[in-house]
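See structure below.
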Number of protein chains: 2
Amino acid sequence: MDATDRKLLDALRANARATYAQLAQLVGLSAPAVHERVAKLESGGVITGYHAAVAPESLGYAMNALVGVFITDSGDTDEIATSLAALPVVEDCWFVAGEETFVVKVRVPDVAGLEAAIRELNGIKGIGRTRTTVVLSTKFEDRVPAADPDA
Amino acid sequence: MDATDRKLLDALRANARATYAQLAQLVGLSAPAVHERVAKLESGGVITGYHAAVAPESLGYAMNALVGVFITDSGDTDEIATSLAALPVVEDCWFVAGEETFVVKVRVPDVAGLEAAIRELNGIKGIGRTRTTVVLSTKFEDRVPAADPDA
DNA sequence: GGTGAAAACAAAACCGA
DNA sequence: TCGGTTTTGTTTTCACC
């Protein structure tokens, strides 16, 4: 992983549909050379995928919330994580060291959807109570630090 | 936005570098027709971008944490949001209705980086105190509900 | 929304430092 | 080992139906 690789990573993070010719011009190499580097970044597990970002409101999901999950004394964290993964409303799931055991981010259409989501969460075996923090607005999201220090 | 558009969205979310020919085969249309649909989804603000997902550990960021930000009586939320945006360690920033005013997710290399991040946050004008919840492991992340109900 | 042709691009084999 | 060049097949993009 040299400076060229980091430049390629930043370029692909900004636009995953950039052509190899465009990337080649950016880093001053030929297109096949860039292709080879990107292939190595993919197979080496540095690049884990390419994803289109979709405006959630366009799909009718206008609301989200952070929910702290407190487990019961007998709750099994692996089992609970599996149950959380089975709920489509749960967008992110972090196992944390804090007051709660998990923090999840749920994405719902409206308050009725939020109520349903919280009821679903509270119904999961091993979950004691939840603490919900409603997101009023997302200032920014998914802003990974630049790979290239001169960016 | 019909069922075909939703299928295209899901396909591009799974693989943003899919070719129009591949997408065309998936939805049973011609490549130019798919191209036109995708262009409309882009210009209509449904697709907001295409991003390569990079394993944070590959860039030396092995740790992250959720930090609740409590503001002082005189704190201005817009001003604070701007200050938070200026910190590269802050990956996500939500303005919330709860005990805290903001919740941010920070991405750091190690505990020393976390300490530096918390010090930085506490140094911002208008921020009173912070409450940090260390993420032990990310069970999953950025899992937007499928656009296509039959997926 | 489909078709077809021109231009651009991607992937592979091969050559050179 | 890494990058450049060439070649071949695919894809994109445009005009037109």
Side-chain angles (χ1 to χ4, degrees), chain A residues 1-60 142 144-151, chain B residues 1-61 109 142 144-151:
Chain A
M1 266 262 285
D2 58 5
T4 303
D5 282 339
R6 282 189 283 272
K7 269 190 196 168
L8 291 173
L9 284 179
D10 283 339
L12 284 169
R13 281 209 326 227
N15 176 21
R17 282 181 80 78
T19 66
Y20 292 118
Q22 290 170 331
L23 296 172
Q25 193 173 11
L26 185 77
V27 300
L29 289 178
S30 68
V34 167
H35 182 243
E36 197 177 334
R37 277 172 177 269
V38 173
K40 276 183 188 162
L41 290 170
E42 288 168 356
S43 63
V46 178
I47 295 174
T48 58
Y50 302 95
H51 307 286
V54 176
E57 314 83 51
S58 307
L59 303 178
D142 291 331
V144 183
D148 179 18
D150 333 326
Chain B
M1 267 262 285
D2 59 3
T4 303
D5 283 338
R6 281 189 284 272
K7 270 190 195 167
L8 291 173
L9 284 180
D10 283 339
L12 284 169
R13 281 210 324 225
N15 177 20
R17 283 179 79 80
T19 66
Y20 292 120
Q22 289 170 333
L23 295 172
Q25 193 173 10
L26 184 79
V27 299
L29 289 178
S30 67
V34 167
H35 182 242
E36 197 179 331
R37 277 172 178 268
V38 173
K40 276 183 187 160
L41 290 170
E42 289 168 354
S43 63
V46 178
I47 295 175
T48 57
Y50 302 95
H51 307 285
V54 176
E57 314 82 53
S58 306
L59 302 179
Y61 293 91
D142 291 332
V144 183
D148 179 19
D150 332 328

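In what follows, chains are A, B, ... by sequence order, proteins preceding strands, each numbered from 1.
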Query raised in the report: Which atom names give the shortest non-hydrogen contact between A:Ala16 and B:Ala16, and what distance separates them?
Result: CB-CB, 4.3 Å

Query raised in the report: Going by an N to O cut-off under 4.0 Å, is there a salt bridge joining B:Arg37 and B:Asp2?
Result: yes

Report task. Would you give the length of the straight line joining atom CE of B:Met1 to atom CG of A:Leu59, rounded to the nearest 0.5 angstrom? Result -> 5.0 Å

Report summary line: The contact string for nucleotides 10-17 of chain C, one letter per nucleotide 5' to 3', using protein heavy atoms under 4.0 Å with B, S and - for base, sugar-phosphate only and none, comes out as SSB-----

Requested in this report: For the helix from C:dG1-D:dC17 to C:dA17-D:dT1, measure the angle between the helix axis at one end and the axis at the other, each built from five pairs, rounding to 10°.
Outcome: 30°

Query raised in the report: Is the closest basic N to carboxylate O distance between A:Arg13 and A:Asp10 below 4.0 Å?
Result: yes

Query - B:Lys7 side chain near B:Asp150 side chain, heavy-atom distance below 4.5 Å - result: no

Query raised in the report: For A:His35, what residues pass the ring-ring contact (aromatic ring centres under 6.0 Å, His included) criterion, not counting sequence neighbours?
Result: A:Tyr20

Query raised in the report: Taking atom CG of B:Asp5 and atom CD1 of B:Ile47, what is their separation to the nearest 0.5 Å?
Result: 9.0 Å

Requested in this report: Check A:Ala24 against A:Ser30 and note the closest heavy-atom contact, atom names and distance.
Outcome: CB-C, 3.7 Å

Report summary line: Correct closest heavy-atom pair for A:Thr19 and A:Gln22 would be N-OE1, 2.9 Å

Query raised in the report: Taking 5' to 3' order, which nucleotide of DNA chain D is first and which is last to have an atom within less than 4.0 Å of a heavy atom in chain A?
Result: D:dC2 to D:dT5

Query - Strand contacts (DNA chain D) in residues 23-30 of chain B, 4.0 angstrom heavy-atom criterion - result: none

Query raised in the report: What distance do B:Leu8 atom CG and B:Leu26 atom CG have between them, rounded to the nearest 0.5 Å?
Result: 7.5 Å

Query - Pairs flagged by side chain to side chain donor-acceptor pair (under 3.5 Å) wherever residues 45-60 of chain B is involved - sequence neighbours left out - result: B:Glu42-B:Tyr50

**Report entry** B:Leu12 CG to B:Leu41 CG distance, which is reported to the nearest 0.5 Å
**Finding:** 8.5 Å

